[in-house]
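Lettering follows sequence order; numbering is per chain, from 1.
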Amino acid sequence: MRTSTGSGNIPDVTERSQPFSFYEQDTILVAKNLLGCVLVHLDGDHTTAGRIVETEAYLRTDPAAHSFHGKTRSNSVLFGPAGHAHVFFVYGMYWCMNVVTGREGSEGAVLLRALEPLEGIPVMRERRRTRDIRLLCSGPGRLTRALAITGEFNGVPLTSGSLRIRPPDRTATPGPEGEGEIVQTTRVGISKAQEMPYRFYLKGNANVSRK
DNA sequence: GTACTGATTTTCT
DNA sequence: GAAAATCAGTACC
């Protein structure tokens with residue numbers, strides 16, 4: 001429902017988004033609650049969005065967390081208020097996106113690992129150079145590329161502005177095989193510390209990065 | 001289907 | 001100088 005009489009390219013400011021209080025909870029809880037929410041990049045005619053189907057939690061007290069060894073230039077956002085994006089560069093090629101959680105200066109972050117593409121799929125296909133829907137956003141480096149999320153979004157609030165997370169579109173309706181239930185398992189790609197069961201994904205979803 | 005490897009660059013030690 | 005919360009391509013079964 002757009003009321004603008006202008007060009008039509010103005011981002012819809014009525015776009016619902018999760019409030020800061022959503023993120024100011026226990027990191028593990030936020031990681032689970034983010035499943036089913038929708039990550040939206042409002043970008044005029046190139047708006048892209050996807051349903052979050054896979055996340056990982058990183059606690060401040062965890063040796064695998066980027067914030068564990070203290071504040072540095074690249075991780076300073078993790079030490080700020082919850083509900084903001086932390087975007088970081090890995091392996092010389094890829095961007096990954098965290099959501100800052102917990103109370104200011106105390107908690108951790110949730111890594112977004114996979115989305116189910118919802119809007120702007122043609123644009124995603126161009127950016128990702130693949131046609132397979134399942135490969136568009138099924139990985140932390142893939143989803144940032146599909147939604148054109150780069151370091152310029154580091155530190156932005158997710159409650160307003162062009163990058164947002166909105167509540168689930170549909171209520172979870174677990175299928176006959178338990179499809180849509182939350183599966184809890186170990187994290188991926190951890191090279192420090194031992195893997196912890198802080199990875200969550202929606203059972204049976206074709207877009208998760210690993211089963 | 002699984003397994004291994006190279007790409008590529010920022011950041012901190 | 002080494003490491004890094006990854007991915008795509010190749011080889012092989």
Nearest atoms (heavy-atom pairs only) where [X] meets [Y]:
X	Y	value
Val208(A)	Ala114(A)	CA-CB, 4.0 Å
Thr27(A)	Ala109(A)	CG2-O, 3.5 Å
Val100(A)	Tyr23(A)	O-CB, 3.8 Å

Note to self: For a 4.0 angstrom threshold against heavy atoms of chain A, report the outermost contacting nucleotides of DNA chain C in 5' to 3' order.
What the structure shows: dA4(C) to dA8(C)
Check: With a cutoff of under 4.5 Å between side-chain heavy atoms, which Ile, Leu, Val, Met, Phe, Trp and Tyr residues group with Tyr94(A)?
Finding: Tyr58(A), Phe88(A), Val90(A), Tyr91(A), Met93(A), Leu111(A), Ile190(A)
Next item on the list: May I have all residue pairs that pass salt bridge (Lys or Arg N to Asp or Glu O under 4.0 Å) and include part of residues 131-146 of chain A, sequence neighbours excluded?
Entry: Asp132(A)-Arg134(A)
Check: Under 30°, 30 to 60°, or over 60°: which ring-plane class applies to Trp95(A) and Phe89(A), parallel, tilted or perpendicular?
Finding: tilted
Next item on the list: Decide, yes or no, whether a salt bridge links Glu56(A) with Arg187(A) under the criterion of side-chain N to carboxylate O below 4.0 Å.
Entry: no
Notebook entry, point to check: If you measure from the Lys or Arg side-chain nitrogens to the Asp or Glu carboxylate oxygens, is any gap between Arg60(A) and Glu107(A) under 4.0 Å?
Noted result: no
Margin query: Heavy atoms only, 4.0 Å cut-off, all strands: where does Arg128(A) land among base, sugar-phosphate and nothing?
Written below: sugar-phosphate
Note to self: For nucleotides 6-13 of chain B, give me one character per nucleotide, 5' to 3': B if any protein heavy atom sits under 4.0 Å from the base, S if the only such contacts are to the sugar-phosphate, - if neither.
What the structure shows: -BBBSSS-
Check: Looking at His84(A) versus Phe20(A), is the centre-to-centre ring distance below 6.0 Å?
Finding: yes
Note to self: Pairs counted only when both distances fall under 3.5 Å, Watson-Crick or G-U: show me the 5' to 3' dot-bracket for DNA chain B, [ ] for pseudoknotted crossings and | for other-strand partners.
What the structure shows: |||||||.||||.
Next item on the list: Let me know which of Val77(A), Val99(A), Val110(A) forms a side chain to side chain contact (heavy atoms under 4.5 Å, CB included) with His86(A).
Entry: Val77(A)
Next item on the list: State, with a plain yes or no, whether a side-chain heavy atom of Glu54(A) is found less than 4.5 Å away from one of Ser209(A).
Entry: yes
Margin query: Quick check for you: to the nearest 0.5 Å, what is the distance between Asn205(A) atom CG and Ile52(A) atom CD1?
Written below: 12.0 Å
Next item on the list: Could you list by number each residue of residues 133-150 of chain A showing a heavy-atom separation from DNA chain C of less than 4.0 Å, or answer none if no residue does?
Entry: Gly139(A), Pro140(A), Gly141(A), Arg142(A)
